[in-house]
Amino acid sequence: MTTYYKAINWNAIEDIIDKSTWEKLTEQFWLDTRIPLSNDLDDWRKLTAAEKDLVGKVFGGLTLLDTMQSQSGVEAIRGDVRTPHEEAVLNNIQFMESVHAKSYSSIFSTLNTKSEIDEIFEWTNNNDYLQKKAKIINEIYENGAALQKKVASTFLETFLFYSGFFTPLYYLGNNKLANVAEIIKLIIRDESVHGTYIGYKFQLGFNELSETEQEEFRDWMYDLLYQLYENEEKYTETLYDELGWTEEVKTFLRYNANKALMNLGQDPLFPDTASDVNPIVMNGISTGTSNHDFFSQVGNGYLLGNVEAMRDEDYLIGMK
Ligand code: MN3
Ligand code: MN3
């Protein structure tokens, strides 16, 4: 038997979502080094010790999650691609996960001393709730079926990050730490595309299951989400009780858990909607760079799906 090695042909697209996602992701490429973080130092000095401690811990937790996505998260779903273009999109996603993980270190090196940074990483690498969420997700990445891995990835991207994102968005809404928040908004913009894309690929596979299989899978998926949510509640309490923000953060978590289910084409689990979330935080999400909701402008359909097929004329425009 001869093995044929196949060259990727971007002129024979099997799934237009691969192409439009590639274009979206490359268009919104960014690097942490281009954000003037030191402009936030005046704001930083005015925060209380408890607030500074919170900021360090939420970014420590986010660093752990983005590290995981850049290392095992993308690798876990790479083996199950449906098209060669999907793998190219995953390459982009994986690199950006490394940019995300690195960007928190840029924030630390601007705001914190060397010994504070060491303490943050020590805390992150030993916090029970953080370690538990990393373990739950990673075990699915290692041992789960193809569709289960995509669910784990989408839950992480569209839900588990938000206990951490709440803090910088809250400060942004209060006109504080604007450059730190700019980085977070760029990350959220990326995660929004990642969650939608992987959720879309999930739906293609899910729709191929029989009704009984779908029902069984749904039970597993909702159990997992609830297990993660319970852990997230405890994590939120340890972080936010001291400042009295816990209940607001939990509302934000439930709202984002529903968005994760929406990305997977499923019904919401919680009654919370955008109007229940602290408007200061929603405002932080929707201003400036951020395009957080650009996929949901058309309900739970995909704006990506509205992309018009390219015609021959489109390719000729730039050549005239
Ligand atoms: Mn990321
Ligand atoms: Mn991501």
Side-chain angles (χ1 to χ4, degrees), residues 17-18 20-35 58-78 80-81 86-108 124 130 133-134 136-138 140-141 148-169 180-202 228 232 253 256-257 259-264 285 289-296 302 304:
I17 300 291
D18 292 334
S20 53
T21 303
W22 172 271
E23 283 164 1
K24 182 85 203 156
L25 288 172
T26 49
E27 232 167 65
Q28 65 188 40
F29 176 78
W30 62 280
L31 287 171
D32 52 301
T33 43
R34 293 181 195 154
I35 314 284
V58 299
F59 288 152
L62 292 169
T63 305
L64 181 69
L65 297 183
D66 265 319
T67 305
M68 183 174 225
Q69 284 305 79
S70 71
Q71 291 175 351
S72 49
V74 172
E75 285 315 300
I77 55 179
R78 185 185 290 281
D80 306 310
V81 294
E86 182 177 344
E87 184 150 17
V89 172
L90 292 180
N91 287 339
N92 177 297
I93 290 178
Q94 189 167 35
F95 176 72
M96 288 314 291
E97 299 300 5
S98 290
V99 173
H100 299 172
K102 177 179 177 293
S103 66
Y104 303 113
S105 285
S106 297
I107 295 172
F108 292 143
T124 302
L130 262 177
K133 77 170 137 179
I136 293 171
I137 296 293
N138 207 55
I140 299 168
Y141 283 163
Q148 290 176 319
K149 291 175 187 174
K150 288 192 178 69
V151 169
S153 175
T154 306
F155 282 173
L156 190 153
E157 305 244 317
T158 316
F159 168 46
L160 296 179
F161 275 111
Y162 284 82
S163 49
F165 287 157
F166 185 93
T167 298
L169 292 171
V180 167
E182 182 65 16
I183 285 199
I184 300 309
K185 286 195 297 177
L186 289 163
I187 292 176
I188 289 176
R189 191 177 67 171
D190 289 345
E191 300 307 358
S192 169
V193 181
H194 300 174
T196 311
Y197 180 69
I198 291 162
Y200 161 76
K201 292 289 178 177
F202 165 85
L228 290 167
E232 219 47 24
L253 296 185
N256 284 293
K259 289 199 77 163
L261 287 167
M262 193 184 84
N263 280 343
L264 296 164
I285 281 186
T289 304
S290 178
N291 241 337
H292 182 68
D293 272 338
F294 76 94
F295 284 122
S296 52
Y302 296 99
L304 276 175

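Heavy-atom basis, side chains included; hydrogens, waters and symmetry copies ignored. Remember, it's 1-based here, ligands and their atoms both numbered in the order they're listed.
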Closest non-hydrogen atom pair between Lys149 and Tyr141, with its separation: CE-O, 3.4 Å
I'd like the atom name of the N/O/S atom in His100 lying closest to the Mn ion (ligand 1). ND1
For the Mn ion (ligand 2), find the closest N/O/S atom belonging to Glu97 and write down its atom name. OE2
Side chain to side chain contact (heavy atoms under 4.5 Å, CB included) test vs Glu191 passes for just one of Ile188, Ile187, Val193, namely Ile187
The Mn ion (ligand 1) - name of the N/O/S atom of Asp66 that sits closest to it: OD1
Do Asp190 and Lys185 sit within salt-bridge range, that is, some charged N less than 4.0 Å from a carboxylate O? no
To 10 degrees, how wide is the angle OE1 (Glu191) to the Mn ion (ligand 2) to ND1 (His194)? 100°
Asp190 backbone or side-chain N/O/S under 2.8 Å from the Mn ion (ligand 2): no
For Phe29, is the CZ atom crowded, meaning more than 12 foreign heavy atoms sit under 6.0 Å from it? yes
Check the orientation of Phe165 and Phe161. Use parallel for under 30°, tilted for 30 to 60°, and perpendicular for over 60°. parallel
